[in-house]
2 protein chains.
Amino acid sequence: MKILSERPSILVVEDDREISRFISSSLSAAGYLPYVAANLVDARKLFWEVRPELAILDLGMPDGDGKDWIAELRQRSDVPVLVLSARQSEKEKVACLDCGADDYLAKPFGVEEMLARVRTALRRAAMMSLRDHVYDVSGLRIDLAAGTVTLNGKLVKLTPIEYKLLMMLAQHPGKVITYRQLLTSVWGAEYLDETHYLRIHMGRLRAKLEAVPAEPRFLLTDPGIGYRIAAS
Amino acid sequence: MKILSERPSILVVEDDREISRFISSSLSAAGYLPYVAANLVDARKLFWEVRPELAILDLGMPDGDGKDWIAELRQRSDVPVLVLSARQSEKEKVACLDCGADDYLAKPFGVEEMLARVRTALRRAAMMSLRDHVYDVSGLRIDLAAGTVTLNGKLVKLTPIEYKLLMMLAQHPGKVITYRQLLTSVWGAEYLDETHYLRIHMGRLRAKLEAVPAEPRFLLTDPGIGYRIAAS
DNA sequence: GAAAATATTTACGCATCTGATATGTCGACC
DNA sequence: GGTCGACATATCAGATGCGTAAATATTTTC
């Protein structure tokens, strides 16, 4: 259970001592509550401990590429990530943004701009509705945080694609997720036309989760629009 | 003959002919459906007609400051705005972001970066659109976020076209939506003359939603203008 | 490297949706 | 009362979209 502090907490992942000092004192002065990690291992740990409302990440970490961490994070959290980097290359920017980063700020940058982008990201995040972390409807239990699925108490094994699909649906119980949204988040933006894949993998999910796949109780089709998982 | 345009529409507000050409052709190539306005007056008009999923705005418009338009837009819509500008000053960036812009890209910029930022903004917008917006009038309940329609508690099944039509109306309860707006947003700009389609599908919607289709309580006709859904 | 698991391609049956055409209704106007 | 224009409804054949099954390709695992 997260304690509601009035100051939004922000995780700063940055190995350069001087820069991280500078950033966190700027954030402090602006009314935020910064936590600092100097490498990815600490960042991972600290993230789930603090559950910050935003993460600021320097790409060049001693123990790995920050991009991997973003991708990993995106599986489990919607926390906005603001990337800082000395790398100016367009390729790098594109890769980060497509990875799930919310914004990319090339060094050197002005403090004011950074703070403005932080405000923007937090403003957006505040608009997002809070979501449950467990979907539990008549025998089907999906633990979004742990990433596990049980049917009548028995663990169900899912393939990676099935998993992503189901998580996407379970994050918004009762709401239609359009073909576009599903294809984008599972396969990527360049697969918008392959609604076909969805039919096949939804079929497989139904085979695993539904007693009578032809009459689904959980995984419902909204013809022409998308799919949705039955709400409690 | 069909074409329920699945391509996300993007409004480009840019007065420089050459730049707007360049941007819109890049967007087209990337699978989007760009609409171009060369000044703020047109932008205002086009925006509400097309209802794009994102707006790209050049700050320096001949008929006013783009910032004002952003602020104005924010009153009525959550559509993300990506600002392009030749002005590099940090003050300007901060002002725009705090005004409600989602992102700020200083010229000159790479196409790839622009497209990546567009993708990022659209990805976020897709998540946001899952927030709750509900039309609920005497037995008819339209959950815009979930995309579901219930009549006296019973779920009503709609076809894709019926769905789009109804959502368009329900987004603005009590307001007349013109034939043009409906045709544009459901079938596309090239169907402006087929008001005929509207009659057929409005008829089908009434058959599903009205107790006495001939005396509609929800789906009202404004002869010569358009249709509207009864306000709460 | 071989075997197993997973993903993609291809094909087809079936139900549903769509828009053309035709006809019916209502009110305005002369 | 009749005509006209705008809107509503009925019917129906063709198009489209969904689900499934099987064959093939790819990735993972040991």
Side-chain angles (χ1 to χ4, degrees), chain A residues 149 155-169 176-180 182-183 185-188 190-229, chain B residues 1-6 147 149 155-167 169 176-180 182-183 185-188 190-229:
Chain A
V149 179
L155 192 70
V156 180
K157 241 187 83 181
L158 296 180
T159 72
I161 283 189
E162 285 161 13
Y163 175 83
K164 280 196 182 182
L165 257 182
L166 188 61
M167 290 300 151
M168 191 69 191
L169 294 169
V176 183
I177 315 292
T178 66
Y179 298 130
R180 243 180 67 198
L182 290 170
L183 288 166
S185 75
V186 177
W187 280 271
E190 59 275 33
Y191 287 79
L192 284 189
D193 298 324
E194 319 282 353
T195 62
H196 167 79
Y197 290 3
L198 286 175
R199 292 206 285 278
I200 291 176
H201 292 282
M202 285 300 297
R204 288 181 181 153
L205 267 176
R206 282 178 177 144
K208 290 186 181 181
L209 301 178
E210 302 280 3
V212 186
E215 297 162 20
R217 298 175 50 217
F218 304 116
L219 301 171
L220 312 175
T221 305
D222 284 76
I225 322 259
Y227 293 91
R228 72 173 200 278
I229 194 165
Chain B
M1 175 70 74
K2 64 150 293 196
I3 320 166
L4 287 175
S5 69
E6 300 172 25
V149 178
L155 192 71
V156 180
K157 256 182 67 181
L158 296 180
T159 72
I161 284 189
E162 286 160 12
Y163 173 84
K164 281 201 177 187
L165 258 182
L166 187 61
M167 291 299 152
L169 294 169
V176 186
I177 315 292
T178 66
Y179 298 130
R180 249 187 91 177
L182 290 170
L183 287 166
S185 75
V186 177
W187 281 271
E190 59 274 36
Y191 288 79
L192 285 188
D193 299 324
E194 319 281 352
T195 62
H196 170 72
Y197 292 4
L198 286 175
R199 292 199 204 102
I200 294 181
H201 292 283
M202 285 301 296
R204 286 178 181 156
L205 268 176
R206 282 177 176 146
K208 289 185 181 181
L209 300 179
E210 302 282 3
V212 186
E215 296 163 20
R217 298 174 50 216
F218 305 116
L219 302 171
L220 312 174
T221 305
D222 284 74
I225 312 193
Y227 293 92
R228 72 173 199 278
I229 194 166

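Convention: sequence-line order gives letters A, B, ...; per-chain numbering from 1.
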Do [X] side-chain atoms and [Y] backbone N/O form a donor-acceptor pair below 3.5 Å?
| X | Y | value |
| --- | --- | --- |
| B/Glu215 | B/Val212 | no |
| A/Lys208 | A/Val156 | no |
| A/Glu194 | A/Leu183 | no |

**Prompt:** Do the side chain of A/Arg204 and the base of D/dG19 come within less than 3.5 angstrom through a donor-acceptor pair of N or O atoms?
**Reply:**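 Per atom types, no contact qualifies.
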
**Prompt:** If only side-chain N and O atoms of B/Tyr191 are considered, is one of them under 4.0 Å from the OP1 or OP2 phosphate oxygen of C/dG19?
**Reply:**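 False: B/Tyr191 side-chain N/O out of range (4.0 Å or more) of C/dG19 OP1/OP2.
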
Taking the minimum atom-to-atom distance to the side chain of [X], which one of [options] wins?
| X | options | answer |
| --- | --- | --- |
| B/Arg199 | D/dG19, C/dA7, D/dT9 | D/dT9 |
| A/His196 | D/dT11, C/dT10, C/dA7 | C/dT10 |
| A/Ile200 | D/dG19, C/dG19, C/dT9 | C/dT9 |
| B/Pro223 | C/dG19, C/dT9, D/dC7 | D/dC7 |

**Message:** Strictly below 4.0 Å, N to O, side chains only: are A/Arg204 and A/Glu162 in salt-bridge contact?
**Reply:** no

**Message:** I need the CG-P distance between A/Leu198 and D/dG19, as an integer number of Å.
**Reply:** 10 Å

**Request:** Give one of base, sugar-phosphate or nothing for A/Ile161, where a contact means two heavy atoms less than 4.0 Å apart.
**Result:**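 If one applies the 4.0 Å heavy-atom cut-off, A/Ile161 turns out to touch the sugar-phosphate alone, with no base involved.
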
